[in-house]
Amino acid sequence: MPELPEVENVGRALLANLQGRRLTGLKVSFAGVLDPSAAAVRRRLVGARLEGLHRRGKYLILHFAHDDGRPAYLMLHLRMTGQIFILDGYVPDKHVHLVMDFEGLPVHYRDIRKFGRLSLVEDGYEPAAMAHIGPDMLTVPARQWLERIVRRRGPIKACLLDQGIASGLGNIYVDESLFLARVHPLARPCDLEEAELREVLRRAKQVLRLALRHGGTTFMNFTNFQGKPGNFRRKLRVYGRAGQPCRDCGASLEKITVAGRGTVYCPRCQPDPS
DNA sequence: AAGATTACCTGAAGGC
DNA sequence: TGCCTTCAGGTAATCT
């Protein structure tokens with residue numbers, strides 16, 4: 001499940017391998033992953049060079065430019081199971097839906113569940129299609145984040161998953177952040193002290209940076225562009241560990257449902273808010 | 001109007 | 001070549 005650190009890794013790989021290269025071909029075998037049609041995307045992008053790239057939350061926006069300077073942008077979201085492979089001798093299977101050719105270097109897009117999207121956008125790194133997406137979780141100033149969350153009455157876990165408040169956290173890193181901050185997933189931001197909220201943000205940034213350094217978390221499907229799994233899984237404190245002992249206090253970790261998501265927490269380290 | 005639910009997909013896992 | 005149900009979760013759309 002790609003969240004901010006996994007998406008950042010993908011972005012770095014794309015930049016490192018493709019910056020300055022020209023897109024020379026585009027093959028699409030499942031049209032649903034591309035918006036609009038392959039023909040329309042080809043018309044805008046083939047012949048353009050990859051100039052740069054921007055990430056906000058779990059979105060990547062690739063900036064292409066034609067020789068006359070005319071810009072074009074491709075917005076990418078991997079959703080649940082999207083993967084990019086840039087790998088010598090990679091053999092596509094039935095889940096590879098799109099191949100971009102960069103002057104002989106093939107870039108494969110694979111997506112088992114077909115939730116991911118590559119979308120042509122015309123309005124740069126801050127497109128209207130992302131107007132409802134909040135600031136990036138890794139860089140949002142504490143003051144701005146507090147303003148956006150402090151009056152919320154829903155469970156803090158739902159707020160952290162809400163990409164409109166701040167973007168980048170998914171189910172894994174939300175549970176990890178709340179555990180490190182010693183905050184119960186059902187606690188309401190409007191009931192918490194400012195210091196507790198600040199601690200949640202501090203821990204979220206910490207866990208994202210740490211996961212990034214370890215190449216992301218491979219739980220189900222994530223691998224990097226060369227097909228290697230991330231190493232952060234063995235660092236997880238609560239996610240995927242329901243019924244196992246808390247690494248800090250030994251209590252049995254509990255599993256509940258919050259905002260429709262499986263949620264693991266320590267009943268002793270993260271005391272019930274009520 | 002924020003919060004909750006469902007649709008979109010496939011594969012893994014478990015019960016029988 | 002076992003069948004069926006449940007679960008996994010990011011986001012948009014649709015409810016209440």
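Order of the sequence lines sets the chain letters (A, B, ...), proteins ahead of strands, with each chain counted from 1.
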Any side-chain N or O of [X] under 4.0 Å from OP1/OP2 of [N]?
{"X": "Gln163(A)", "N": "dG10(C)", "value": "no"}
{"X": "Lys157(A)", "N": "dG9(C)", "value": "no"}
{"X": "Tyr239(A)", "N": "dG9(C)", "value": "yes"}

- [ ] Measure from NZ or CZ of Arg182(A) to the centre of the six-membered ring of Phe179(A) and say whether it is under 6.0 Å with the direction within 45° of the ring axis.
- [x]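 Yes, Arg182(A) sits over the ring of Phe179(A).
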Nearest-Å distance once atom [atom1] is located in both [N] and [M]:
{"N": "dA12(B)", "M": "dC8(B)", "atom1": "P", "result": "22 Å"}
{"N": "dT11(C)", "M": "dA1(B)", "atom1": "P", "result": "24 Å"}
{"N": "dC7(C)", "M": "dT6(B)", "atom1": "P", "result": "13 Å"}
{"N": "dC4(C)", "M": "dC9(B)", "atom1": "P", "result": "22 Å"}
{"N": "dG14(B)", "M": "dG9(C)", "atom1": "P", "result": "16 Å"}

Per [X] side chain, nearest of listed nucleotides [options]:
{"X": "His95(A)", "options": "dT10(B), dG10(C), dG9(C)", "result": "dT10(B)"}
{"X": "Lys114(A)", "options": "dC9(B), dG9(C), dT11(C)", "result": "dC9(B)"}
{"X": "Arg153(A)", "options": "dG11(B), dG9(C), dG3(B)", "result": "dG3(B)"}
{"X": "Tyr59(A)", "options": "dA12(C), dG11(B), dG10(C)", "result": "dA12(C)"}

Provide, to the nearest angstrom, the distance between the [atom1] atom belonging to [X] and the [atom2] atom belonging to [N].
{"X": "Met80(A)", "N": "dA12(B)", "atom1": "CE", "atom2": "P", "result": "14 Å"}
{"X": "Asp162(A)", "N": "dA1(B)", "atom1": "CG", "atom2": "P", "result": "16 Å"}
{"X": "Arg113(A)", "N": "dC7(C)", "atom1": "CZ", "atom2": "P", "result": "14 Å"}
{"X": "Asn171(A)", "N": "dT11(C)", "atom1": "CG", "atom2": "C1'", "result": "14 Å"}
{"X": "Gln83(A)", "N": "dG9(C)", "atom1": "CD", "atom2": "P", "result": "17 Å"}
{"X": "Ile256(A)", "N": "dA8(C)", "atom1": "CD1", "atom2": "P", "result": "13 Å"}
{"X": "Arg148(A)", "N": "dA2(B)", "atom1": "CZ", "atom2": "C1'", "result": "16 Å"}
{"X": "Leu76(A)", "N": "dG10(C)", "atom1": "CG", "atom2": "C1'", "result": "13 Å"}

TODO: Can you establish whether the number of heavy atoms outside Asp88(A) located under 6.0 Å from its atom CG is more than 12?
DONE: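 Not more than 12 within 6.0 Å, no.
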Task: Gln270(A) side-chain N/O to Cys266(A) backbone N/O, donor-acceptor pair under 3.5 Å - done: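 Between the backbone of Cys266(A) and the side chain of Gln270(A) there is a qualifying donor-acceptor contact (under 3.5 Å).
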- [ ] Only one of Glu176(A), Glu3(A), Lys157(A) passes side chain to side chain donor-acceptor pair (under 3.5 Å) with Asn171(A); say which it is.
- [x]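 Looking at Glu176(A), Glu3(A), Lys157(A), the match for Asn171(A) under the side chain to side chain donor-acceptor pair (under 3.5 Å) is Lys157(A).
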Task: Toward the 5' end of DNA chain B, by each residue's nearest nucleotide, Arg79(A) or Lys94(A) - done: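 The answer here is Arg79(A).
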Presence of salt bridge, [Y] and [X], under 4.0 angstrom:
{"X": "Arg110(A)", "Y": "Asp93(A)", "answer": "yes"}
{"X": "Glu8(A)", "Y": "Arg55(A)", "answer": "yes"}
{"X": "Arg153(A)", "Y": "Asp191(A)", "answer": "no"}

Task: Residues in contact with DNA chain C, drawn from residues 115-145 of chain A - heavy-atom cutoff 4.0 Å - done: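 Phe115(A), His132(A) - these, ordered by number, are the residues of the stretch whose heavy atoms sit under 4.0 Å from the strand.
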TODO: Indicate the atoms forming the closest heavy-atom contact of Arg241(A) with Leu253(A), along with that distance.
DONE: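 Heavy atoms of Arg241(A) and Leu253(A) come nearest at NH1-CD1, 3.5 Å.
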